[in-house]
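Only one structure is covered here, and it is reproduced in the block below.
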There are 2 protein chains.
Amino acid sequence: MTKMQKEYNLSKNQQIVFDIIEKSNEPVKAYSILFNVKKKGIKAPPQVYRALEKLIKLGKIHKVESKNAFVACKSSNCEISKATAFSICEICEKVTEIANNKLSNFLNSFEDKSGMKYKKYNLEFFGLCKKCKKS
Amino acid sequence: MTKMQKEYNLSKNQQIVFDIIEKSNEPVKAYSILFNVKKKGIKAPPQVYRALEKLIKLGKIHKVESKNAFVACKSSNCEISKATAFSICEICEKVTEIANNKLSNFLNSFEDKSGMKYKKYNLEFFGLCKKCKKS
DNA sequence: TAACAGTATGTAATAATATAACATTTGAAA
DNA sequence: TTTCAAATGTTATATTATTACATACTGTTA
Ligand SMILES: [Zn+2]
Ligand SMILES: [Zn+2]
Ligand SMILES: [Zn+2]
Ligand SMILES: [Zn+2]
């Protein structure tokens with residue numbers, strides 16, 4: 001553990017995994033991460049999955065459930081990951097985290113007659129991105 | 001294919017798989033379905049997954065992405081599955097499909113500055129159900 | 001410092017979820 | 001009755017994720 005690390009609060013493996021995800025411009029799958037970190041000494045699935053789990057808890061990354069893949073959090077609001085929204089293009093598969101106050105306010109305050117108290121949500125929108133709409 | 005079927009538009013395997021899911025009061029996993037239909041002659045994963053895929057297309061069932069499990073549609077509105085919302089209890093794991101016009105209207109008409117046209121969404125709320133809140 | 005607790009790591013094995021590929025059958029329409 | 005799309009059967013394999021257990025590192029406190 002040297003002072004060269006970008007993030008003092010991340011452990012070695014957590015930082016390695018986070019770097020991969022953050023550099024990617026598309027969601028990254030766990031085994032793709034595993035493949036890419038073999039050269040750095042991470043050899044087995046649990047090492048990757050444990051880092052992913054911790055990074056999610058910290059709100060540094062999110063899991064895109066419909067894709068079983070992981071993206072770095074861009075919104076910096078979601079320090080602790082409890083409310084996530086993504087837009088997913090059905091053609092090019094581009095995934096973008098949605099940061100929209102109207103949306104998050106609406107969902108954070110949503111209540112229905114079930115009597116359930118919602119603390120957390122995950123929303124995935126599907127459609128066509130600007131580019132793919134044109135073509 | 002006899003006249004005894006409940007749903008004329010479903011094939012034999014689709015009906016078998018749908019019956020299992022509909023009878024259950026909790027989300028059902030694909031391999032749990034597979035196990036339960038062995039006695040009816042369905043022997044291999046693809047038979048189950050193909051039925052699931054078709055049932056989803058028809059809007060008869062939905063996949064709860066965060067659980068990799070399937071529930072029958074109760075709302076009867078979503079004839080074609082394009083807008084789904086669930087509440088999931090973090091303790092007892094009960095999953096309920098949310099039918100709420102305010103919510104669906106809001107999400108169906110949601111637009112942001114990305115220029116993306118949203119045709120479909122899946123929303124999963126997490127929290128504590130009435131029962132688990134008390135205990 | 002030494003003991004301790006909590007967190008992180010390494011490793012092997014295996015479980016759970018899902019798809020590919022290909023042959024065959026069925027159902028309904030033309 | 002030919003024809004085509006949909007559905008089925010089957011084997012094998014790919015992909016995603018966890019269990020279990022041993023070891024090591026970190027910071028805190030007696
Ligand atoms: Zn975020
Ligand atoms: Zn696109
Ligand atoms: Zn529904
Ligand atoms: Zn509950």
Do the ring centers of Phe86(B) and Phe125(B) come within less than 6.0 Å of each other?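 No, the ring of Phe86(B) stays outside the 6.0 Å limit from the ring of Phe125(B), centre to centre.
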Nearest-angstrom distance from the residue atom [atom1] of [X] to [atom2] of [N]:
| X | N | atom1 | atom2 | value |
| --- | --- | --- | --- | --- |
| Phe35(A) | dT15(D) | CZ | P | 12 Å |
| Leu34(B) | dA16(C) | CG | C1' | 12 Å |
| Lys63(A) | dT17(C) | NZ | P | 11 Å |
| Ile16(B) | dA7(D) | CD1 | C1' | 13 Å |
| Phe18(B) | dA7(D) | CZ | C1' | 18 Å |
| Glu53(A) | dA8(C) | CD | P | 10 Å |
| Lys67(B) | dA17(D) | NZ | C1' | 15 Å |
| Phe70(B) | dA18(C) | CZ | C1' | 9 Å |

Are Ile61(A) and Val71(A) close enough that some pair of their side-chain heavy atoms sits under 4.5 Å apart?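 Side chain of Ile61(A) against side chain of Val71(A), heavy atoms only: no contact under 4.5 Å found.
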Quick one: is [N] close enough that its OP1 or OP2 comes under 4.0 Å of any side-chain N or O from [X]?
| X | N | answer |
| --- | --- | --- |
| Ser11(A) | dT7(C) | no |
| Asn68(A) | dA17(D) | yes |
| Asn13(A) | dG10(C) | yes |
| Lys29(B) | dA16(C) | no |
| Lys12(B) | dG9(D) | yes |

Which residues share a ring-ring contact (aromatic ring centres under 6.0 Å, His included) with Phe106(A), sequence neighbours left out: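 So Phe106(A) forms a ring-ring contact (aromatic ring centres under 6.0 Å, His included) with Phe106(B).
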When the C1' atoms of the five terminal pairs at each end define the local axes, what inter-axis angle does the helix from dT1(C)-dA30(D) to dA30(C)-dT1(D) show, to 10 degrees?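 What I find for the helix from dT1(C)-dA30(D) to dA30(C)-dT1(D) is an axis angle of 20°.
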With distance as the sole criterion, do the side chain of Tyr31(A) and the base of dA14(D) form a donor-acceptor contact below 3.5 Å?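 No pair found.
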Quick one, Gln15(A) with Asn13(A), criterion side chain to side chain donor-acceptor pair (under 3.5 Å). Give me CA distance, side-chain angles, the key distance, then yes/no. CA-CA 5 Å; Gln15(A) 186 67 53; Asn13(A) 287 1; over 6 Å; no
Please determine whether salt bridge (charged side-chain N to carboxylate O under 4.0 Å, His left out) holds for the pair Lys67(B) and Glu93(B), giving the CA-CA distance in whole Å, both sets of side-chain angles, and the decisive distance to 0.1 Å. CA-CA 10 Å; Lys67(B) 292 190 160 310; Glu93(B) 310 224 298; 3.4 Å; yes
Are Ser66(A) and Glu65(B) close enough that a side-chain donor and a side-chain acceptor fall under 3.5 Å?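 Distance-only check fails for Ser66(A) and Glu65(B).
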Is there a side chain to side chain contact (heavy atoms under 4.5 Å, CB included) between Lys63(B) and Asn68(B) once you walk through the steps? CA-CA 7 Å; Lys63(B) 181 172 186 181; Asn68(B) 295 318; 3.9 Å; yes
Provide the closest heavy-atom pair for Asn100(B) versus Glu111(A) in the form atom of the first, atom of the second, distance.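 Where Asn100(B) meets Glu111(A) most closely, the heavy atoms are ND2-O, 4.4 Å.
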Take Glu22(A) and Lys60(A), measure what salt bridge (charged side-chain N to carboxylate O under 4.0 Å, His left out) needs, and give me the verdict at the end. CA-CA 9 Å; Glu22(A) 204 198 18; Lys60(A) 312 274 302 173; over 6 Å; no
Looking at residues 36-52 of chain A, who's got a heavy atom less than 4.0 Å off DNA chain C?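 Heavy-atom cutoff 4.0 Å gives Lys43(A), Ala44(A), Pro46(A), Gln47(A), Arg50(A).
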